[in-house]
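In listed order, ligands and their atoms are each counted from 1. Here the structure is a predicted model, which means the values were calculated and not measured.
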Amino acid sequence: MSSSNGMPLVVTIDGPAASGKSSTARMVAERLGMRHVDSGALYRGVTAARLQAGDPPDLWTEQSVLDAARRVTLVPGETTFEPRIDGEPCDAEIRGEAVTAVVSLVAKMAHVRAWVNATVRTTSAAHEAVADGRDMGTAVFPNARLKIWLVALPAERARRRVVQRTGRAPTAEELEAETLELESRDHRDREQTQPAADALWIDTNGISQDEQVGRIVALAEERRS
Ligand code: DC
């Protein structure tokens, strides 16, 4: 898909943790025949690669994290880019608790952010892309033709996360623990998690994922014509 001025169309989808960015971005990319680029997977991949050395994260230097980043690549799949560490698939590892617990630390490192941003831009230059993360519409693609900011209340995001993990509705205790965990992640990531001034906000509280995806696809098709 190309935009009316002949430039490849980039769609950015940003929002807080568990707002459904990645699954939405993947489905939007599939529907539009574009490719999904998950910037969070790069932060997670670098964190997982660095964790393999086994030393405590509070002793990590930024240079040692950048050295680990050299082992992380994005390999084009059918509709998305798969993260790899040393050429090996790492999806389960990067989504695990050990990575989730320390990835915010890595995401605060300025040179790591520059590496992720450059990797996302290079990847997206070769393929029309739906890029998701926190700052895709601000730092990485300030000129993107379509910018989406997804919002959902912490309790709703927590509910979705438990359902995704367990396949059933959460108990009251699970919901409370997950909401607290998400609020603390929101706090840790708050600096880079900001909507672009020209982003379109989609409140996902009362709508299904199909509806969200349909709205974004329709907006992207408008931009194309
Ligand atoms: O969206 P996620 O949970 O996969 O993100 C993982 C971490 O990376 C989280 O700490 C936020 C951070 N991140 C970021 O700072 N900027 C991005 N563009 C994407 C993710």
Side-chain angles (χ1 to χ4, degrees), residues 10-29 36-51 57-58 60 62 65-66 68-69 72 74 80-85 90-124 129-142 144 147-152 154 156-158 160-162 164-165 178-196 199 204 209 212:
V10 172
V11 175
T12 63
I13 302 183
D14 290 309
S19 56
K21 303 178 299 286
S22 293
S23 50
T24 301
R26 190 171 314 117
M27 291 164 85
V28 168
H36 168 222
V37 185
D38 178 353
S39 58
L42 282 172
Y43 287 104
R44 288 174 176 274
V46 173
T47 306
R50 182 62 185 84
L51 271 170
D58 51 351
W60 294 354
E62 187 156 358
V65 177
L66 280 172
V72 178
L74 283 181
T80 192
F81 287 89
E82 310 284 346
R84 298 267 196 276
I85 300 175
C90 57
D91 214 59
E93 189 180 346
I94 69 173
R95 309 282 162 206
E97 276 174 32
V99 168
T100 300
V102 289
V103 63
S104 296
L105 180 90
V106 166
K108 293 229 173 304
M109 297 177 168
H111 291 97
V112 176
R113 297 202 73 79
W115 176 83
V116 168
N117 293 353
T119 305
V120 170
R121 283 196 199 100
T122 314
T123 306
S124 307
V130 182
D132 94 81
R134 310 301 169 104
D135 56 351
M136 296 297 102
T138 50
V140 182
F141 297 110
K147 301 178 183 179
I148 303 293
W149 178 254
L150 284 185
V151 284
E156 173 57 16
R157 291 187 275 134
R160 291 180 197 162
R161 182 140 285 189
V162 177
Q164 193 179 42
R165 197 173 55 231
E178 194 71 35
T179 304
L180 283 175
E181 158 66 15
L182 271 178
E183 285 174 338
S184 114
R185 286 192 63 200
D186 285 352
H187 186 73
R188 291 202 296 269
D189 294 322
R190 67 194 177 284
E191 275 165 34
Q192 68 268 23
T193 310
Q194 303 292 340
T204 71
Q209 188 159 50
Q212 271 181 58

Side-chain donor-acceptor pair present, R160, S23, cut-off under 3.5 Å: no

Protein residues that have a heavy atom under 4.0 Å from any atom of ligand 1, sorted by chain and number: K21, S39, G40, Y43, R44, V103, S104, A107, R113, G133, R134, D135, M136, R185, D189, Q192

Residues E181, R161: salt bridge by 4.0 Å N-O rule: no

Check: R44/T100 side-chain N/O donor and acceptor closer than 3.5 Å: yes

Distance alone, cut at 3.5 Å: any donor-acceptor contact between the side chains of R26 and S22? no

Nearest-0.5 Å distance, CZ of residue R157 to CG of residue D186: 4.0 Å

Just checking, is any N or O donor in the side chain of Q194 or T138 under 3.5 Å from an acceptor N or O on the other one? no

